[in-house]
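Written out below as structure tokens is the structure these notes cover.
Treat the numbers as computed from the prediction; the structure is a model and nothing was measured.
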Amino acid sequence: MIYLLMGYYYTATEEYDIKWTMPHCVLTLKLIGLAFDYYDGGKEQSQMSTDQKKSALTSTPSLLEVFGFSYFYGGFLVGPQFTLRNYQKLVSREMTDVPGQPPNSVVPSLKRFGLGLITLAIFTIGGPYYSDSYYLTDEFEAHPFWYKCVYILLWVKINLYKYISCWLITEGVCVLSGLGYNGKNEKGEHQWDACANVRVWLFETTPLFTGTINSFNINTNAWVARHVFKRLKFLGNKLLSQMFTLLFLAIWHGLHSGYLICFSLEFIIVNVEKQAQSLVRDSPLLTSIAQGPLYPFVYVVQQLIHWLFMGYPLVPFCLFTYDKWLKVYSSIYFCGHIFFFVAFLILPYLRKFGSSKDKANKHKPWIETEYQGIVMENDNTVLLNPPLFALDKDAPLHYAGEICGFRVHNGPGGSGSAQFEAVVLDRSTGEGLVRSKEPLDCESQKEHSFTIQAYDCGEGPDGTNSKKSHKATVHVRVNDVNEFSPVFVERRYEASVPEGRLFDRIVRVEAVDADCSPQYSQICFYDIITPNVPFTIDNDGNIKNTEPLDSKRQRVHSFWVTAFDCGKNRAQADAQVIVTVKPSCKPGWIGWTKRIEYTPGSGSIPLFPNLHLETCEETVWNIQATVELQTGHIGKGCDRDSYSDRSVRRLCGAVRGEVDLLPPPSPATNWTAALPTLPSSDSSLVFSFNGSTHVAVVPDSVASAVSGDHFTLQLWMRRGGASIQSLANQARGTRKEEETIICSTVKNDDSYSHYSLSVHGCRLSLFYWPDVSAARPVKFLWKLEQVCDSEWHHLSLSVQFPSVTLYVDGVTFDPALIHDNGAIPNPAPHQRLVIGACWEPEEKPRDIVNNTMPEIKDTGRFVSGYKGLLSGVTVRPGNVEPHSVVECLYACREGLDFGDLETLGSGMKVHVNPSQSVLVLEGDDIESFNRAVQQVTYRNSLRFATPGVRPLKLTTSLRCFSEESCLSLRQLEGYLVVLQPDAPQISLSGVGPHLARPAAEFEGPQGVPLFPELRIVCSLSHAVNTAAQGMEGGALMSDAVAHTLDGCEVQPLGEELNPEREELLVDMEALKERGLDIINTTAYIAITGAESISVYEDVLRSIRYRLAKGSARFERRFRLSCSEMNGRYTSNELTLEVNFLHSLDSLYHPSHLLASQQQFLHPSHHTGELSGHTLPNPHRNSVVPGAATVIIMVCVGFLVVMVILGVFRIRSIHRRGEGARGGGKEGSNQWDDSALTIIVNPMETYENRMGIATDMDGECDDEEEVVDSPDDTSDDQRIIIKKEGKDSAPRRY
């Protein structure tokens, strides 16, 4: 409203403007009415009027409803006004003459539209002849008085059609939409006048000012009456309320003075008209004239006066400013003001004078305001309290002082007048009697309410000028008579109960009585009329047994019961009760198997294929079963891939570049050597921290690699170690100190940043300090039950400061950000990364004289120690890990599952938690529930699942219609046994036991590949029943399957490699590209990392052996083996003997050959040994023979060469046999051939003369090593386990 008035003030001109204030004034009334309706909705029903009940809003409307109501196209510009309740009915399709369908409103809307066009045509044609501007012309001023009055009469009639045409057209729009529907009238005809803003017929025919007001702008007048006039009731004066109401309308129209003059004149005119009507009504002469033959003449005079003075107040309404309307009023001598002010003053005196003459009946009758009545059922005389007497102060005058009758009117409920009447027993005393027209029935209606009014006999026998009393309320209560007998709700009641028990209630019978009073309608007691039955019944109809029932003695009990009301009327018909005794039934699960076996690799298996629930015919309406699989003792919470954390990261597609902060202890990573470790079934190292002495300080060289404010921290964590329990309860009961998992201060360019990850009770916090010398710290806080439940959990913390994301077991958690952390001392600006605690430097005392800090060493202590287990703690600087990688790192490979969701019955629900350790079934049908339980499965996608026991629990909750007798089922416990998986057979082949090449090839820059044709095959062995073929069965090798290796090792047998003379070459770029790691020492080469077999084949085939120039040897043996599942399964050991072929010395005569033979047989000392073989010292004085002596040497030495070759062959085979059985030992009684030198033909190779497959298989079978079961595996990350000579100690990577 204030906004509207401001708009008027700033935008109004002296002309009739059409601008935004016109629709806004309509919107103002809508919103004010909406506020009042919402306010009324909070009142009690008894405090609201009838109009308020129709429009009150009992609930808060939506924003869409408010906008639709405010800007409804049918009433946005010029009205009409309607309530939000009606708009809601329109939207919900209640405003229609055909329920549920669009209204048949086309014809009614066209009628209003056509009528609007007619009035618009009248205004369009007549408006130019009777315009507002003509009032201000000199021509109008020059006309005589009578002409001006006639002009005002015609002007107002034509100009009002401007408003009427707009309202009729908008009413047609509202009718067409259905908003104008107003139900049916008394004749049953559909009404479409809910949005009618003008009554055309009344507007054209009424001779009264109030009639025109009631027919013009109807909805606005009704709005003002409902929300302004009636709410000013507290003023206690109708005239005062009317004045304020008209003042509101004047201000609402605008701030011009013409509006105030118009509505003030309306106030005077309406009141003068009411006084004139009272004068005519009270005067017999004027009444006879108004109702006599002169009425048409009177009507015409009334119409002339009505329209003349109807236009008189509208002149300032249309001319706005006082200088304009004052000019017009002065030209007609203020005739309207003079006429109505004089009439307003003299009419009360005329009425008093005219009514006091010859008037005898001065007073109204008087009766009580309220009566209470009683009438007996089937009677009609009403006994009233107090008795009915009407008094009149005109008594004892004849007629005027007598009571002629009583009139009965409808009560508040709209009933009563048709059933009762009141008669006068004595006219002089005013005694009356109230009676019903027909006998009353208490069962039909117990109470009646109506109003009664007395009237006197007036001033003569014809009842002229009869006066009525006020209306008094009469309440009549009909007293009941016990005329009905009880009737059972059912003629037959049946129940089934198990035998051998006493029940508080078996069945309840119920009878009803049709009498209306509590005395006769209530059932006072029931009775069993069949004798000698073991049952009893109480007054509420509950039947129970008096002794335990036996189904063998009597299966069915049948007896009759009756009922009595409190008037001792017996039931019209007795009811039969049949109780069936059921044999003993034990409710619960049937078909439960306590032990379930699972064979690894068999996919999903049903856990309860034969399980079903027996309820012993107890009716249940809800069943809920919870299956819980406990896998917390298997690995870190469940059975995952048995690869190292680094390998799992690679398999999950994690970005490379992570830094392992808790690596396996080794000479290069010795900061974890002092930490105790625990066994782990998933082949990863688990480190234990005791909160004090167990701390890992990461070297600065490693810490500096993980600097920056963008990094991802991942770890496995279990609070409290292996023995502590219920950390959550301890955290709630006692105050615990903060425990730091990781505390890091790193150097970033020219500043230091600090962060620490800590746990405190059940809270996890990240304390981050971007710059320890300047910025304030920020603390990210999470409250997590997972932190204190003593279970393994995977944490992934991605920091992109100031954004931090936490994943716990693959689920995202948002932090609470705390900026104000109080007075916190700045961390020391020294680079330090600590696992399991935080470093607190000691305070350095100042030199008081020089005010300087003394130069002392960085001393302090470890504080906030962590108590628990950690594993796989890695940090990767740079961009954060994707969510899919985090989920993969945590994902379990075993858990509960449901077979086929499409086969679920109606009403069944299945829910599985993220770790798939808990499955919940819920339903309402037992048959569907049993089918669903049988589809609960266990799945383990690991090919080599961890064997062991998984406890299994089944908890059932039933809800019955009768909660008192509902079943309670105990928890079932069992266990799932995962059997030992078949060990994979990793077979290395394709490489012969000997590799002979000229020594010059080994001395080349690329060396010689050791395993150029290596083939790696992984397969599974399983038992196959072959009895049908007449065989006893056995283990057969299945087809090769795709596997992932995680390590291979090449080891020289015997003495280690001499870096100055020999080396193994590996393509480092290829390894780096494939993400594989390598450990290259003189004792072995170890290649690690989870990769496919084909990748390992390519890498191993590329390994080359190279000799330095002039360091030729005669043989060197290597051993190759591979493993998967982090060393859990190993391959056969492939042994390769490398032979170096040398050229012959130059011989010119036979004595040279003898000298050479003597040189071969000359013993020489050699310190190196290779598995029992003593390598010869290389002969460095060989001379290539000339071309002329070759034929002589071959002819002379042929026999000697053949003998020597035979001896070498026998000795070589003998040495391999001894080496395969454990290797020869120094000092054994063997032939010492250390100085034996063999000269062979370079064209002859061992590869053409030696077998391959037989020797290899024999060696692999002899050297095969027994692999421990998964239950006995230690936490060592073994790739290859050696048991030969000094290499038998296990090696860690």
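Ion pair E1013/R1015 not flagged as a salt bridge, since none of the NZ, NE, NH1 or NH2 atoms sits closer than 4.0 Å to an Asp/Glu carboxylate oxygen. Under a 4.0 Å N-O distance rule, the pair E1049/R1119 does not qualify as a salt bridge. Using a 4.0 Å cut-off between charged side-chain N and carboxylate O, E1062 and R1116 make a salt bridge.
Residue T1044 comes nearest to E1124 through the heavy atom pair O-CB, 3.4 Å, listed as atom of the first residue, atom of the second, then distance. Summarising the geometry of H694 relative to P676, their closest heavy-atom pair is CE1-CG, 3.3 Å, with the distance given to 0.1 Å. T1130 and S1123 get closest at one heavy-atom pair: CG2-CB, 3.9 Å. When all heavy atoms are compared, the tightest approach of F687 to L662 is CE1-O, 3.5 Å. Contact between A945 and V978 at its shortest, heavy atoms only, is CB-CG1, 3.9 Å. The two residues P1052 and L1057 have their closest heavy-atom pair at CG-CG, 4.0 Å.
With sequence neighbours left out, N913 forms a side chain to side chain donor-acceptor pair (under 3.5 Å) with S915, S917. Here L1071 pairs with V1066, M1068, L1076, I1078, I1087, V1099 under the side-chain contact (heavy atoms from CB on, under 4.5 Å) rule; sequence neighbours left out. Scanning for salt bridge (charged side-chain N to carboxylate O under 4.0 Å, His left out) contacts around R1104 gives an empty result, with sequence neighbours left out.
The shortest side-chain heavy-atom distance between I1103 and L1065 does not fall under the 4.5 Å cut-off. Between L1064 and L1010 there is a side-chain heavy-atom pair separated by less than 4.5 Å. With a 4.5 Å cut-off on side-chain heavy atoms, P981 and Y1129 count as touching. Side-chain contact between F1002 and V1138 is present, with heavy atoms from C-beta onward closer than 4.5 Å. Side-chain contact between L795 and L764: present, with at least one pair of heavy atoms (C-beta onward) separated by less than 4.5 Å. For the pair F689/I835, a side-chain contact is recorded, criterion being any heavy-atom separation below 4.5 Å from C-beta on. When side chains are defined from C-beta on, L1045 counts as touching I1093, because their heavy atoms get closer than 4.5 Å. The side-chain heavy atoms of L806 and L784, taken from C-beta on, include a pair separated by under 4.5 Å.
Panel note: side chain T672, backbone P663; a donor-acceptor pair is recorded below 3.5 Å. Side chain of N1132 to main chain of L988: a donor-acceptor pair is present (N/O by atom type, distance under 3.5 Å, no hydrogens or angles). R950 places no side-chain N or O within 3.5 Å of a backbone atom of Y975 that could act as its donor or acceptor partner. Panel note: side chain T599, backbone S602; no donor-acceptor pair is recorded below 3.5 Å. At least one donor-acceptor pair under 3.5 Å links the side chain of S871 to the backbone N or O of L685. Proximity of a side-chain donor or acceptor of S1131 to a complementary backbone N or O of C1122 within less than 3.5 Å is detected.
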Go through L713 and V873 one step at a time and tell me if the side-chain contact (heavy atoms from CB on, under 4.5 Å) criterion holds. CA-CA 7 Å; L713 174 64; V873 182; 4.3 Å; yes

Go through it in stages, so that I can follow the logic: the residues are T805 and T812, the test is side-chain contact (heavy atoms from CB on, under 4.5 Å), and I'd like the CA-CA distance, side-chain angles, deciding distance and then a yes or no. CA-CA 7 Å; T805 304; T812 309; 4.0 Å; yes

Intermediate values then yes/no, side-chain contact (heavy atoms from CB on, under 4.5 Å), E791 and R718: CA-CA 5 Å; E791 299 292 340; R718 178 181 176 186; 5.7 Å; no

Would S1094 and S1092 satisfy side-chain hydrogen bond (donor to acceptor under 3.5 Å, both in side chains), going step by step from the backbone distance to the final call? CA-CA 5 Å; S1094 60; S1092 63; 3.2 Å; yes

Please assess D809 against H793 for the test side-chain hydrogen bond (donor to acceptor under 3.5 Å, both in side chains), listing each intermediate value before the final yes or no. CA-CA 6 Å; D809 298 336; H793 294 285; 2.6 Å; yes

Give the C-alpha distance, both sets of side-chain angles, the deciding distance and a yes or no for side-chain contact (heavy atoms from CB on, under 4.5 Å) between R1074 and D1098. CA-CA 11 Å; R1074 291 175 170 86; D1098 293 341; 4.0 Å; yes

Assess whether side-chain hydrogen bond (donor to acceptor under 3.5 Å, both in side chains) is satisfied between E1091 and Y1096, documenting all intermediate values. CA-CA 7 Å; E1091 260 299 350; Y1096 269 95; over 6 Å; no

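Checking each of I742, T874, L870 against L661 for a side-chain contact (heavy atoms from CB on, under 4.5 Å) leaves exactly one that passes, namely I742.
Remark: L715 CG to L797 CG distance equals 8.5 Å, nearest 0.5 Å. Atom CD of E1063 sits about 9.5 Å away from atom CG of L1107, to the nearest 0.5 Å. Taking CD1 of I596 as the start and OH of Y598 as the end, the distance is 13.0 Å to the nearest 0.5 Å. One finds the OG1 atom of T631 at 8.0 Å from the OH atom of Y938 (value rounded to the nearest 0.5 Å). With values rounded to the nearest 0.5 angstrom, Y866 atom OH is found 10.0 Å from L757 atom CG. How far CG of L629 is from CG of D897: 12.0 Å, rounded to the nearest 0.5 Å.
F1118 has its ring centre no less than 6.0 Å from the ring centre of F1011.
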